Participant: 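I'd like to ask some things about the structure below.
Predicted model, so just to flag it, every value in this text is computed and none were measured. Just so you know, ligand 1 is whichever comes first in the structure, and atom 1 is the first atom listed for that ligand.
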Amino acid sequence: MSGNPDLWNERYKQSLLGVFGTPQRVLVRGSGCSVWDDAGNEYLDLLGGIAVNALGHAHPALIGAITAQLETLGHISNFFISPPQVRLAEKLLSITNAPDGSKVFFTNSGTEANEAAFKLARKHGRNADGEGAVNADGKPGSSVPGRNRIIALEGAFHGRTMGALALTAKEAYKAPFEPLPGPVTHIPFGDIAALEEAVDETVAAVFLEPIQGEAGVRPLPDGYLKAARQLTTDAGALLIIDEVQTGIGRTGSWLCSGGEVVPDAVTLAKGLGGGIPIGAMVTFGEAPSSLMAAGDHGTTFGGNPVATAAALTTLETIESEGLLEHAAKLGTWLRSRLESLDHVVQVRGAGLLIAFDLDAPVAAKLVTTALEHGFIVNSPGPATIRLAPPLILTQQQGDRFLAALPQLIDQVIDQKENS
Ligand SMILES: *Cc1c(COP(=O)(O)O)cnc(C)c1O
């Protein structure tokens, strides 16, 4: 295979909006846990399209399902029912142990799932008893009835559209686009006392990620979700859990928060479609599910037959290949191996959502060096490397990376010391 990366780079720069910086490779093909660039170089994909490609690349079950669905019925709009949409909704309610009365709304992305949840929170706040809505500055006096404050955490990432962006913590992402919907208050991460202080009768909802992916794979401390459930219930606020990155087997179970609490809503996306764009909001139980009535929300593509057929097959394949157990076991092994490496000061995560911190801010350099040696990883922070490989990653493939990693780390540390 021959290619001309410079030409693609030039054409990319000329034709695509420059919001992603300069991508480092032109990828043309994938199979299993490998992808190939246009010069024929192979890479072990330890990022999986950012926690998306649960079944790796070109999984035959996914290809079969998508092809068959497209040959049968490709798109119809939400004026009509399609069988894969209903089957997927039922399956999601079953694997998330959703109580009676729970419902699903399909989207095309994580940010849209969170937009739906934001609207759910608004609707809830309108109806809720409370001390009344506050203005954008947090002061009382809004003419809108009900309550409208939203609580999210420092370090939170919930997406890039206006509502989800307001829930996101990073000032640099938000500042150029203000004013954003609000008021959203970001409280210190993992601090139960701060949550207790913040959640009162002006709060419509609390948004939480069980593990903050973009902030460097930071798990909430033990007991935090339970405390959040109790505090929101007591205050009459919704608890909304963003499992866009952590859900669908990524952390070794269907939901990272599963079994710990029953939230009012969970948002999903990334791994759900195995690489086909689809997201979902699952509302848990009768009360939150009945907040949204006909006309309150909508989507043209959400729940599209091809996307839902892809997601259904992704879930069935995760089951039939035992990938929840596999992700849990392989992740534990990977983390313990990473912990023993020189220059690695902390390892975090669950299942196959893993990050490790280096003792120097060389993560960006390590990403580049790893790429040059045939490994795709990512750096969510200056000293942090994130791994979110396909759930089908084998121990041998993990071993290949672990065998190469010490030299890669030494190389970037040496470069830093000599510069
Ligand atoms: C990626 C991500 C989102 C946004 O999903 P998009 O599909 O990129 O819109 C939201 N929340 C979390 C936790 C994420 O990791």
Participant: Could you pull out, from Gly110, Pro277, Ala164, the option with a heavy atom nearest to atom 7 (O) of ligand 1?
Facilitator: Gly110

Participant: Give a yes or no on whether the backbone of Glu90 and the side-chain of Ser94 come within a donor-acceptor separation of less than 3.5 Å.
Facilitator: no

Participant: Could you find the nearest protein heavy atom to atom 9 (O) of ligand 1 and give me its residue, atom name and distance?
Facilitator: Thr111 N, 2.8 Å

Participant: Could any protein non-hydrogen atom be found less than 4.0 Å from atom 11 (N) of ligand 1?
Facilitator: yes

Participant: Can you tell whether the side chains of Arg149 and Asp200 come within less than 4.0 Å, N to carboxylate O?
Facilitator: yes

Participant: One thing to verify: whether Glu171 and Lys174 come together as a salt bridge, which I'm taking to mean a side-chain N less than 4.0 angstrom from a carboxylate O.
Facilitator: yes

Participant: Taking Asp37 for its side chain and Asn41 for its backbone only, find out whether a donor-acceptor pair lies under 3.5 Å.
Facilitator: yes

Participant: Where is the nearest protein heavy atom to atom 2 (C) of ligand 1: which residue, which atom, and how far?
Facilitator: Lys270 NZ, 2.5 Å

Participant: May I ask you to list the atoms of ligand 1 that are less than 4.0 angstrom from any heavy atom of Asp242?
Facilitator: 10 (C), 11 (N), 12 (C), 13 (C)

Participant: Out of all atoms in ligand 1, which are within 4.0 Å of some heavy atom of Asn114? Include the element for each.
Facilitator: 10 (C), 11 (N)

Participant: Honestly, is Arg218 close enough over Phe189, meaning NZ or CZ under 6.0 Å from the six-membered ring centre and within 45° of the axis?
Facilitator: yes

Participant: Tell me the contacting part of Glu209 for ligand 1: side chain, backbone, both, or neither, using a 4.0 Å heavy-atom threshold, strictly below.
Facilitator: side chain

Participant: Looking only at side chains, do His326 and Gln395 share a donor and an acceptor under 3.5 Å apart?
Facilitator: no

Participant: With a heavy-atom distance limit of 4.0 Å, tell me whether Thr267 approaches ligand 1 through its side chain, its backbone, both, or neither.
Facilitator: neither

